[in-house]
Peer 1: 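The following block contains the structure, expressed as structure tokens.
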Amino acid sequence: MGFMLSLVNIGSVVLQSAINTFGANIIVAHTAARKLTELFMMPFSVLATTMATYCSQNLGAGQMTRIKTGICRALLLSWAWCGIVVVISYTVVPSLIYMVTGSTTPEIIQTATKYLHINCLFYFVTVMISVLRNSLQGMGDMITPLVSSSLELIGKVLIVILLVPRMAYMGVIVSEPIIWFIMVIPLIAQV
């Protein structure tokens with residue numbers, strides 16, 4: 001798990017290096033949007049950790065049916081939260097950005113809002129990554145989650161090389177949804 005998280009964080013550092021070239025307002029906007037993203041995704045992390053234990057215990061008990069049922073219910077619960085986050089994002093997110101940054105600078109508020117408006121629509125994929133990755137780890141599969149995390153690292157490097165020079169900050173905004181769709185493929189295939 002530690003190596004997998006290292007790959008994720010290395011990719012984030014690579015992406016951050018590209019973000020740092022866009023100036024102070026974009027850096028502030030991105031940081032605020034990421035703080036709110038972390039807050040919105042906190043239930044995903046908690047549920048994913050729970051699924052690792054749940055799957056491990058049920059695997060030990062030979063209850064494969066319960067594992068599949070648990071994964072489905074965890075995904076449904078998470079997708080319900082995704083719906084709530086979309087509503088929050090499209091209603092009060094500018095106020096939340098102000099609360100995080102203390103800034104009324106239009107570029108900061110608009111950039112962070114745009115980031116969240118686009119990314120929150122794809123949280124349903126992110127939660128699949130979290131739940132499936134941890135479920136597989138709980139069932140003893142360490143390779144598939146590592147492959148998924150490696151795809152994230154490779155994707156972020158390629159985004160910085162290919163999309164960011166052509167699309168500027170919009171390349172950063174669309175990078176995570178693109179990467180999420182790629183990362184979830186091996187996880188779905190294995191479950």
Side-chain angles (χ1 to χ4, degrees), residues 8-9 11-12 14-16 18-19 22 25-49 51 71-101 103 106-135 145 148-149 151-160 162-189 191:
V8 171
N9 288 325
S12 296
V14 169
L15 193 58
Q16 186 64 48
I19 295 163
F22 296 122
N25 284 346
I26 299 297
I27 293 169
V28 171
H30 183 78
T31 302
R34 289 301 305 164
K35 291 297 177 197
L36 290 172
T37 296
E38 290 170 15
L39 181 66
F40 293 152
M41 290 186 177
M42 198 174 298
F44 303 161
S45 299
V46 171
L47 194 56
T49 302
M51 289 309 297
I71 290 171
C72 288
R73 288 181 180 168
L75 289 173
L76 289 174
L77 181 62
S78 299
W79 289 335
W81 174 247
C82 289
I84 292 167
V85 169
V86 168
V87 171
I88 291 169
S89 181
Y90 278 86
T91 56
V92 296
V93 119
S95 298
L96 295 175
I97 293 164
Y98 170 75
M99 287 172 49
V100 170
T101 64
S103 173
E107 182 183 20
I108 292 172
I109 303 293
Q110 291 166 358
T111 302
T113 300
K114 182 189 292 185
Y115 177 96
L116 289 164
H117 281 179
I118 292 170
N119 276 268
C120 78
L121 297 173
F122 300 98
Y123 284 176
F124 72 94
V125 180
T126 304
V127 77
M128 289 176 67
I129 293 166
S130 296
V131 168
L132 296 178
R133 186 166 47 194
N134 282 293
S135 295
S148 178
S149 296
L151 290 172
E152 180 176 9
L153 172 60
I154 293 165
K156 285 182 178 177
V157 170
L158 290 175
I159 294 289
V160 167
L162 301 174
L163 279 186
V164 171
R166 290 173 179 79
M167 298 176 68
Y169 186 67
M170 184 54 91
V172 172
I173 292 174
V174 299
S175 69
E176 286 186 318
I178 291 168
I179 292 166
W180 294 335
F181 276 104
I182 293 168
M183 289 175 65
V184 79
I185 293 169
L187 300 171
I188 291 172
V191 174

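A quick note: this is a predicted structure, and the numbers were derived from the prediction, not measured. All residue numbers in this chain count up from 1 along the given sequence.
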Peer 1: Once you round to the nearest 0.5 Å, how far does CG of L15 lie from NZ of K156?
Peer 2: 6.0 Å
Peer 1: State, to 0.1 Å, how close P177 and N119 come at their nearest heavy-atom pair, and which atoms those are.
Peer 2: CD-OD1, 3.3 Å
Peer 1: Check whether any side-chain heavy atom of F22 lies under 4.5 Å from a side-chain heavy atom of H30, and answer yes or no.
Peer 2: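 A side-chain contact under 4.5 Å is absent here.
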Peer 1: Taking the side chain as every heavy atom from C-beta outward, state whether S130 and M41 have any pair of such atoms under 4.5 Å apart.
Peer 2: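 S130 vs M41: side chains apart.
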Peer 1: Supply the atom-to-atom distance I129 CD1 to I179 CD1, rounded to the nearest 0.5 angstrom.
Peer 2: 9.5 Å
Peer 1: Which distance, rounded to the nearest 0.5 Å, do you find between the CE of M51 and the CG of N134?
Peer 2: 9.5 Å
Peer 1: Is there side-chain contact between S148 and V184, with at least one heavy-atom pair below 4.5 Å?
Peer 2: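 No, every pair of side-chain atoms sits at 4.5 Å or beyond.
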Peer 1: So do F124 and V85 actually touch side chain to side chain, heavy atoms under 4.5 Å?
Peer 2: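 V85 does not reach F124 side chain to side chain.
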Peer 1: Once side chain to side chain contact (heavy atoms under 4.5 Å, CB included) is applied, do any residues pair with L77, and if so which ones, sequence neighbours excluded?
Peer 2: L47
Peer 1: Distance check, rounded to the nearest 0.5 Å: K114 atom NZ versus I173 atom CD1?
Peer 2: 5.5 Å
Peer 1: Sorted by first residue and then second, give each side-chain hydrogen bond (donor to acceptor under 3.5 Å, both in side chains) pair with at least one member in residues 73-99; sequence neighbours left out.
Peer 2: none
Peer 1: Within this structure, what is the CG-OG distance for the pair L75 and S135, rounded to the nearest 0.5 Å?
Peer 2: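 OG of S135 is found 7.5 Å from CG of L75.
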Peer 1: Could you tell me whether the side chain of I97 reaches within less than 4.5 Å of the side chain of L36, counting heavy atoms only?
Peer 2: yes
Peer 1: Find out whether Y115 and T37 are in side-chain contact, i.e. whether some heavy atom of one side chain is under 4.5 Å from a heavy atom of the other.
Peer 2: yes
Peer 1: Which residues pass the ring-ring contact (aromatic ring centres under 6.0 Å, His included) test with F181, not counting sequence neighbours?
Peer 2: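 Result, ring-ring contact (aromatic ring centres under 6.0 Å, His included) vs F181: F122.
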Peer 1: Taking side chain as C-beta onward, heavy atoms only, is M183 less than 4.5 Å from T126?
Peer 2: no
Peer 1: Holding to side chain to side chain contact (heavy atoms under 4.5 Å, CB included), I want the full list of residues that pass it with S103, two or more places apart in sequence or in another chain.
Peer 2: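 With sequence neighbours excluded, S103 shows a side chain to side chain contact (heavy atoms under 4.5 Å, CB included) to T101, T105, I108, given in chain and number order.
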Peer 1: Could you tell me whether the side chain of T113 and the main chain of Q110 form a donor-acceptor pair under 3.5 Å?
Peer 2: no
Peer 1: What salt bridge (Lys or Arg N to Asp or Glu O under 4.0 Å) pairs are there with at least one residue in residues 175-187, not counting sequence neighbours?
Peer 2: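 The answer is R34-E176.
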Peer 1: Hey, does F40 have a side-chain heavy atom less than 4.5 Å from the side chain of I88?
Peer 2: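 Yes, close enough: below the 4.5 Å cut-off.
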Peer 1: Could you grab the distance from atom CD1 of I27 to atom OH of Y169, nearest 0.5 Å is fine?
Peer 2: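 Interatomic distance, I27 CD1 to Y169 OH, rounded to 0.5 Å: 10.5 Å.
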Peer 1: Please enumerate all residues that pass side chain to side chain contact (heavy atoms under 4.5 Å, CB included) together with L163, with sequence neighbours excluded.
Peer 2: I159, M167, V174, I178
